[in-house]
Student: 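Please read through the structure below; I'll follow up with questions.
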Amino acid sequence: MASSDRVRVRFAPSPTGHLHIGGLRTALYNYLFARKHGGDFLLRIEDTDQSRYVETAEDDIMDALQWTGLTYDEGPDVGGEHAPYRQSKRADLYRSYAEKLVEAGAAYYAFDTEEDLAALRDEGVTYDLHTRHQMRNSITMSDDQVQDRLDAGADYVIRLKVPERETVRFEDEIRGAVSFDSDEIDDQVLLKSDGLPTYHLANIVDDHLMEISHVIRGEEWLSSTPKHVLMYEALGWTPPTFAHLPLIMSPNGGKLSKRDANTLGIPVYVTDYQEEGYEPEGLVNYLALLGWNPGTEEELFALDDMVEAFSLERVGASGVQFDLDKLRWVNEHYVRALSVEALVDRVRPYVEDAGYSASDDRLHEICELVQERVQVVPEIVTDNRYFFEDPDEYEEAGVEKRWKDASADLLSTYADRLESVEEEDFDADTVETELRNLADEEDVGAGAIIHPARLAVSGRSYGPGVFGLLATVGKQACIRRMRRAVETLG
Ligand code: GLU
């Protein structure tokens, strides 16, 4: 652990585009760990790679954290003792550490030209302890030659000098003892010719200066860690504790990727979940389970309960498969937990986006009817369009099963009866009484009218309670739709 015993963790995204769902999970686990231990959670923007910089990405990241309630104690917009929290604003700082590494014999200057490097690539080899001896650098050049070049202002980079025949070891909280053969580690560029650091240098310098105690990040960074460990050692710093989270896998195999959005409908970016109407609490709850388990049967956790239950010991090392059904199942519980008023507010934009209109009272009625029947809020609209427009077709299987010879006459009479109900009396009780009276008079079961009525009004053979449905659709629309069904279905 770093200098003090205080738990300090960071989420350190590079602003290269929309925040990926895996990034949000990393942020969440850091957040949970910090809160659990009464520590600090930092947001640090790692924006030293100009070529991959996307201007809107930083806002996108902050919006995602805000939307999901993952509040941070220090960050670019909230400040903190170790400001600035944007690496581009700390650019001057990194060079001196690169030079210290050179002095410590753990890094070296390299003057290779683009052509030199291209030749290396053409050979299919990396710049490492096997190839560095054939390149133009301070290992192959005399001190005077190096100094001359530096004095002449030649372009150079500073590279990590990976030691030969060594095993680099570190403990990972999730994976246990991890070791890498130095033979397999390349001489990573630490300081680029434009004077800016690469991720590796800036990352360890900041983790040290910001007193980060635990580095919790995705498994894709595991192979970078031995490089980091070498730098910590050379600078005489105690490395933080590492914890590499399992990869998020596609149900089709391989890492979850943008492709899965198209082929499996799995949203990949946080903004997509937002647009598709997921509850932030539902998403966070699901992500908590995507790599961690509480060790009990319990699966539904509010953020505070997650904090209580969370531990890195219960995070698994092997890849976890994204399960959209499970996410939807979790989300459904958060939809049910909303007050009807809140649900009305949540659903209104989707109603308007679909080009429909409905008063608050009407939406209230609709929400009451279907709240328990949807998994994601927009389904209130997309699965129940009959509340907003006449059905333009009838579910085939439903017609086959439910539309009988007598249906047309019964429905037509029912429509006549409904004509005589006053608009203001058109509620679930009244339409039910009318229907049951008619069934008695005709000596048929209520189902002989209920099923055709539902088909006529909603186009489907299933849905919320039929009397509430009819009342909510309203008198005029019910009658119009019943007459139309009698005409089309005969
Ligand atoms: N900037 C890296 C990223 O984009 C941070 C990796 C780390 O947490 O060290 O994920």
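Whatever order the structure lists them in is the order used to number ligands and atoms, beginning at 1.
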Student: Would you indicate whether Q134, at its atom CD, is surrounded by more than 12 heavy atoms from other residues, nucleotides or ligands within a distance under 6.0 Å?
Tutor: yes
Student: For residues 344-371, pull every pair meeting ring-ring contact (aromatic ring centres under 6.0 Å, His included), keeping only residues two or more places apart or in separate chains.
Tutor: Y356-F388
Student: As a test of reading the model: which residues have a non-hydrogen atom less than 4.0 Å away from ligand 1?
Tutor: R10, A12, P13, S14, E46, Y199, N203, R217, W221
Student: Could you pull out all residues at least two apart from R346 that satisfy side chain to side chain donor-acceptor pair (under 3.5 Å)?
Tutor: E279
Student: Would R159 count as a cation-pi partner of Y127, with NZ or CZ less than 6.0 Å from the six-membered ring centre and within 45° of the ring normal?
Tutor: yes
Student: Sequence neighbours excluded, which residues qualify as ring-ring contact (aromatic ring centres under 6.0 Å, His included) partners of Y334?
Tutor: none
Student: Quick one: does NZ or CZ of R44 land under 6.0 Å from the six-membered ring centre of Y85, within 45 degrees of the ring axis?
Tutor: no
